[in-house]
Amino acid sequence: MTEQANLTPRRYGPSAQWQHINEAHLTAESTADLAGFKSNAVNFKLALWNPEPNGVRYLKALTFALGMQLTPANRERLRRTRNREVGTPYSVRCDGQSVCLDYLQAVHEVEFISDQLPLDGARVMEIGAGYGRTCHTMISNHEVAGYTIVDLPNTLALSRRYLQAVLEPEQFTKVHFVNVDDVDGQVRGDRFDLCLNIDSFAEMDPGTVRDYLDLIDATCGHFYVNNPVGKYLDETLDGHSQGAEVVQLALRSGLLRDIIDIHDSEAVLAKVPAFLSAYRPAARWQCVDQRRAVSWSYYWQALYRADPVSR
């Protein structure tokens, strides 16, 4: 009788997949202790994917969630920004439209600026443009008079190559590329309606940032900044994979070097006054708008306007 019972199929038993999971991950030993189980192999089989080998999965999930929240106006900004697939980004599809995180952020940046400042006819300078996503988005959505990019030589070469590939020829002719060593000769005597810095002032030497703020005060009417409010030392985020020396380099860079819990909304908010003060180019500048940036928890954005009367 016992032998016959053992041969009877289990009507509610595990599949072969879950039999393997129970034997390899959810063992009696691993489930006996609650300490740390939500961030180890136990929970990675119950509720979460292990973030270490599943980084792309989480990136796409974040992009999809944010992409589905785009307003009709930002969907249209994205649609007008053509050739976004150059470079093979990690993309998802939201309501029939390809979306990657870079350009999702770019349409939010352009929206934030254009809410306060007419961009058609504007002369724009961007300090540290990366590969040129914000330039691409702005020129695709507004008839700017000109767009000057100031950057290090290698990055400047990349943005030149990329923007030439994605922009129409008449749009590309509006972009002027300036090596950082040529700033005083090519930029300081010029005049711009808007300067942008997105995610690079925090990676520069403090003295370099102050020199750029002085340049902005001398040449620009508005300044948009989007940067971290502080530094972090949470090794669980990346395992300090680039090494301790690189971590120390990052901690010494920028104007805002306090170490905070970047995933604590109150800790981030507490650093906003210092952020707004640090990036104010001079006393005559006023912050006209500021808020948390999309999509990182510890990034803030602000738009300043210069008083044209009292210099």
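Each residue takes its place number in the sequence, starting with 1. These numbers come from a predicted model, not from an experiment.
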Among side-chain atoms of [X] and [Y], is any donor-acceptor pair under 3.5 angstrom?
X      : Y      : answer
Ser140 : Gln171 : no
Gln186 : His176 : yes
Thr137 : Thr134 : no
Tyr299 : Asn226 : no
Gln105 : Glu109 : no
Asn141 : Thr81  : yes

Would you compute the distance between atom [atom1] of [X] and atom [atom2] of [Y] and round it to the nearest 0.5 angstrom?
X      : Y      : atom1 : atom2 : answer
Tyr298 : Leu256 : OH    : CG    : 12.5 Å
Thr148 : Ile127 : OG1   : CD1   : 11.0 Å
Cys100 : Tyr90  : SG    : OH    : 12.5 Å

Inset, instruction - Taking the side chain as every heavy atom from C-beta outward, state whether Arg133 and Ile198 have any pair of such atoms under 4.5 Å apart. - result: yes
Inset, instruction - Keeping to residues at least two apart or across chains, list the ring pair (Phe, Tyr, Trp, His ring centres under 6.0 Å) pairs with something in residues 136-166. - result: Tyr103-His136, Tyr131-Tyr162
Inset, instruction - With sequence neighbours excluded, give me every ring pair (Phe, Tyr, Trp, His ring centres under 6.0 Å) pair touching residues 108-128. - result: Phe112-Tyr224
Would you name the heavy atoms of [X] and [Y] that are closest together and state the gap between them?
X      : Y      : value
Ala278 : Leu213 : O-CD1, 3.5 Å
Leu215 : Val183 : CD2-CG1, 3.6 Å
Lys38  : Leu48  : O-CD1, 4.2 Å

Legend entry - Geometric cation-pi criterion Arg57 and Trp49, 6.0 Å radius, 45° cone: yes
Inset, instruction - With sequence neighbours left out, write down each residue that passes side-chain contact (heavy atoms from CB on, under 4.5 Å) with Asp95, or none if nothing qualifies. - result: Met68, Arg75
